[in-house]
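Heavy-atom basis, side chains included; hydrogens, waters and symmetry copies ignored.
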Amino acid sequence: MDSSETHDIVIVGGGIVGLATSLALYRKGLRSLVLEKSETLRAHGTTVGVHTNGWRAFDQLGVGDELRGKARPIEVTQEVLLDLDTIRYLPHDPAGEQRCVKRSDIMQAFADRLPPDTVRLSSRVVSIDQDPKTSNYTLKLRDGTIIRAKILVGCEGWKSLVAEALGFKPAKVSPLVGLRALTHYPQGHGHAKEFLRIRHNGYFIGRTPIDDYTVSWFLARKRLPTDSDIMYSPEGIVNSALEFIKALPYEDIKGQAKRSDLVEMIKNSEIDTAVYTIIRYRTPWEIFTGDFRKGTMTVAGDAMHVMGPFLQQGGSSGLEDAISLARCLAKELHQVQEGDEKLAWRKRAEAGIDNYLKERRPRLLKLSTQSFITGLIATMSSFHMQVALNMLLILMFRHTFNHTRFDIGRL
């Protein structure tokens, strides 16, 4: 007896992009099942930097106003280059919107708007096969459960079984890693509405206020041989960051921060928010040549286009994917008439995915190229190569804010 269950649309991965895709589909009248391997909603991590394009997507998903109420706008971006003894006031889009939002707030806003039983927790997919008779996808879970999907969408991040089934190789590994956490100030932190980044000896320290009482901080540095000892230890992550902060050469950081304040910020981190991230990416040529559809199987978010954090577009571009995929699928599937053969429904689904990829590939190619070059500059030791790559970046992407001004359009 076949005890499996069949769903029209199954989404693997219940992170931000997985829930956003499910919510976008639901708002277009399409139900989906989200399979999440964790025992709870995947809200680990600290914050997501969201620019104008991401807020446009939030608005289409119906969560923009709620999330704006939980995150202060960022009005100034400054970079202190201690090695060059200078401060750069990085261009800021006067007509744009930038905020740092807690990942947990985003997840909860999405979950609150989804129908009950949309997300199935503790559901780790261990294999994906395609039924030669029905062309449906058979997903075997670790507990032995069998789920059949007419449409399968992989939103499970860079380590994606769906991307692997599409023929993609593992994402490449950057020499940089990220350490980050949140710090809460019961009496208020008093920081301005600014994103501050300090560069010294090849590593970066950043601080961004979320609201009047909470700050998100990060440290980006090259991997160390001892990282295997701390990557799963919140206390080790915090202590490692403290070592770098204490090595700053001055107490007064060009009048923009005090070293002792930064030390206290990291020392007082909310320990359960500390995370260590290995930075991974897909090259622009993988985005250009990749086959992101096989039958009615596709991917979205980091499963398709994982990139370094240099543009702060990982989250926002994944939200764009969710809007585009739901819109394109709904447009095609709503044309299927009652009584049509199953083949007609499948052909419509394939056409919807093709339209989604046609919409997204040019946008993702530009983003991945800009992020790839920016990442090379951040990790390049040769000053002359840095200058050459900066010139290339200016030639290719002259308008500073273009990538944040993108409008995915109406859902």
**Study point:** Intermediate values then yes/no, side chain to side chain donor-acceptor pair (under 3.5 Å), Y276 and D227
**Key:** CA-CA 9 Å; Y276 174 102; D227 278 1; 2.7 Å; yes
Within this structure, what is the [atom1]-[atom2] distance for the pair [X] and [Y], rounded to the nearest 0.5 Å?
X    : Y    : atom1 : atom2 : value
H403 : S316 : NE2   : OG    : 9.0 Å
L166 : F292 : CG    : CZ    : 8.5 Å
I16  : L319 : CD1   : CG    : 7.0 Å
R103 : L182 : CZ    : CG    : 11.0 Å

Exercise for review: Mind listing the closest non-hydrogen atom pair of T118 and P115 along with its distance?
Suggested key: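 For T118 versus P115, the nearest heavy atoms are OG1-O, 2.7 Å.
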**Study point:** Heavy-atom closest pair, residues L179 and I237
**Key:**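 So the minimum-distance heavy-atom pair works out to CD2-O, 3.4 Å.
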Review point. Under the side chain to side chain donor-acceptor pair (under 3.5 Å) criterion, do S216 and R207 qualify, and how do the steps go?
Key: CA-CA 6 Å; S216 173; R207 181 190 70 195; over 6 Å; no
Pair [X] + [Y], salt bridge at N-O below 4.0 Å:
X    : Y    : value
R327 : E332 : no
K150 : D8   : yes
E320 : R360 : yes
D354 : R293 : yes
E286 : K172 : yes
R68  : D65  : yes

Could you check if a side-chain atom of [X] sits within less than 4.5 angstrom of a side-chain atom of [Y], using non-hydrogen atoms only?
X    : Y    : value
E194 : Q78  : yes
S240 : T226 : no
K37  : V125 : no
K102 : T46  : no
E164 : P170 : no
M107 : L19  : yes
V12  : V153 : no
R120 : L33  : yes

Review point. Would T138 and R148 count as a side chain to side chain donor-acceptor pair (under 3.5 Å) if you check the C-alpha gap in whole Å, the side-chain angles of each, and the deciding distance to 0.1 Å?
Key: CA-CA 5 Å; T138 302; R148 301 190 192 280; 2.8 Å; yes
Think [X] forms a cation-pi with [Y], using NZ or CZ under 6.0 Å from the six-ring centre and within 45 degrees of its axis?
X    : Y    : result
R280 : W158 : yes
R99  : W55  : yes
R363 : F406 : yes

Check your understanding: Is the number of heavy atoms from other residues, nucleotides or ligands within 6.0 Å of NZ (K70) greater than 12?
Key ->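 Counting other residues, nucleotides and ligands, NZ of K70 exceeds 12 neighbours.
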Practice item. Could you check whether the rings of H191 and H189 sit parallel, tilted or perpendicular, using 30° and 60° as the cut-offs? Key: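 Parallel, since the angle between the ring planes stays under 30°.
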Exercise for review: Using the six-membered ring wherever Trp is involved, compare the ring planes of Y281 and F372 and label them parallel, tilted or perpendicular (cut-offs 30° and 60°).
Suggested key: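 Geometry flag for F372 against Y281: tilted rings.
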**Study point:** Heavy-atom donor-acceptor pair, H51 side chain to N53 backbone, under 3.5 Å
**Key:**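 Pair absent, no side-chain N/O of H51 close to backbone of N53.
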Practice item. List the steps, then state whether side chain to side chain contact (heavy atoms under 4.5 Å, CB included) holds for L219 with Y203. Key: CA-CA 7 Å; L219 170 71; Y203 62 90; 3.6 Å; yes
